[in-house]
There are 2 protein chains.
Amino acid sequence: MAKKQPDSCGLGPAFQVIGGKWKALILWLIHTEPRRFGELKRLVPDISEKMLIQQLREMEADGLVHRKMFHEVPPRVEYSATALGVSLDDALIPLAEWGKTYGDVIAARRQAAE
Amino acid sequence: MAKKQPDSCGLGPAFQVIGGKWKALILWLIHTEPRRFGELKRLVPDISEKMLIQQLREMEADGLVHRKMFHEVPPRVEYSATALGVSLDDALIPLAEWGKTYGDVIAARRQAAE
DNA sequence: CTCAATACTTACGATCAGGTTAGTACCTTA
DNA sequence: TAAGGTACTAACCTGATCGTAAGTATTGAG
């Protein structure tokens, strides 16, 4: 679970639910279409299975993600974003835009400072 | 320094510069008017001096914050947001709005799950 | 009768963000 | 002469976060 965040201006709760290394990326991947567990694993090759489930479970507990299991012969589970999850994803768009615009500047600056 | 973030959709760089427990709050406090070190300390009473300087230095290195020192008798330093810092702050507004809107829902949900 | 595929679960260890406490140098005021 | 305000700096420690590697249950294919 994410760290305690001080709160003024409402960013605290937001960072609590979306903070960490993987959650934003996972939410992004499921925010339009449902994805299976193994599908997500393939889409995010650097994540371990443990982390993937852990993050999905936490997001499910926070109401951002819906989990639907099919009782089939090879087990099958689909994860999708809830309305709350989609709203959060929308709120992240400007930040993503900022990153796309200034990411290179930041990277270069860090490179130079190394 | 923030954790390595995987990047697609541009959120990686953004989280790198604004991630962590204090940076967003600090940026918020200086994004309109310059603030002195001690002023920030008073405004964020729970932060330790070490963390405050550390975060300010990192944000300065990332070009979000400008540091101006006055060579005066009691030393004096003012921190202010650069144009880049202000643009990042703007990009955070929708996320802050989301937090203000759904923060209570999340908190209640976590309370219930405890 | 073993093997592969699915979606997990568990145990352990490493790493890193964050916190605590103390100390620095400068000058002013009492 | 001692205390206090300013803006730091440094050493050390804890605990959350993240990663690695292995094991689980089910069933169908070969």
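Just so it is clear: chains get the letters A, B, ... in the order the sequence lines come, proteins before strands, and each one is counted from 1.
Distances shown here put every side-chain N or O of B:Arg76 at or beyond 4.0 Å from the OP1 or OP2 atom of C:dC27. For D:dA7, the OP1/OP2 oxygens have a side-chain nitrogen or oxygen of B:Arg36 closer than 4.0 Å. Look at A:Arg67 and you won't find any side-chain N or O under 4.0 angstrom from OP1 or OP2 of C:dA7.
Taking the side chain of A:Lys50 as heavy atoms from C-beta on, and the options C:dC12, D:dC8, C:dC8, the nearest nucleotide is C:dC12. If you check D:dT20, C:dC8, D:dT9 against the side chain of B:Glu49, the one that comes closest is D:dT9. Proximity note for B:Pro75 (side chain, C-beta onward) versus D:dT20, D:dT6, D:dG19: the nearest is D:dT6. Checking D:dA7, C:dT20, D:dC18 against the side-chain heavy atoms of A:Met51 singles out D:dC18 as nearest.
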(message) Let's go through B:Glu78 and B:Arg67 carefully: what are the C-alpha distance in whole Å and the side-chain angles of both, what is the deciding distance for salt bridge (charged side-chain N to carboxylate O under 4.0 Å, His left out) to 0.1 Å, and is it a yes or a no?
(response) CA-CA 6 Å; B:Glu78 277 186 358; B:Arg67 178 167 179 274; over 6 Å; no
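Rounded to a whole Å, the CD atom of B:Glu60 is 13 Å from the C1' atom of D:dC8. For A:Gln54 and D:dG19, the CD to P distance is 10 Å, given to the nearest whole Å. Straight-line distance from the CD atom of A:Glu72 to the C1' atom of C:dA7: 13 Å, rounded to whole Å. Nucleotide C:dC8 holds its P atom 11 Å from the NZ atom of A:Lys41, rounded to whole Å. For the pair B:Leu25 CG and C:dG18 C1', the computed distance is 15 Å after rounding to whole Å. When the P atom of D:dA7 is taken as reference, atom CZ of B:Arg35 falls 14 Å away, rounded to whole Å. Counting to the nearest Å, the P atom of D:dT17 and the CG atom of A:Leu52 are 18 Å from each other. One can place CZ of B:Phe37 at 15 Å from P of D:dG5, the figure rounded to the nearest angstrom.
Projected onto DNA chain D by closest heavy-atom contact, A:Ser48 and B:Ile53 fall at different nucleotides, the more 5' of which corresponds to B:Ile53. Comparing A:Pro74 and B:Gln55 along DNA chain C, the residue whose closest nucleotide (by nearest heavy atom) sits nearer the 5' end is A:Pro74.
Under the 6.0 Å distance and 45° angle rule, A:Arg76 counts as a cation-pi partner of A:Phe70.
B:Phe70 comes within 4.0 angstrom of no nucleic acid atom, judged by non-hydrogen atoms across all strands.
Across B:Pro94 and A:Pro94, no two heavy atoms sit closer than the pair CG-CG, 3.4 Å. Of all the heavy atoms in A:Leu27 and A:Ile18, the pair that sits closest is CD2-CD1, 3.9 Å.
Taking the side chain as every heavy atom from C-beta outward, A:Ile106 and B:Leu84 approach each other to under 4.5 Å.
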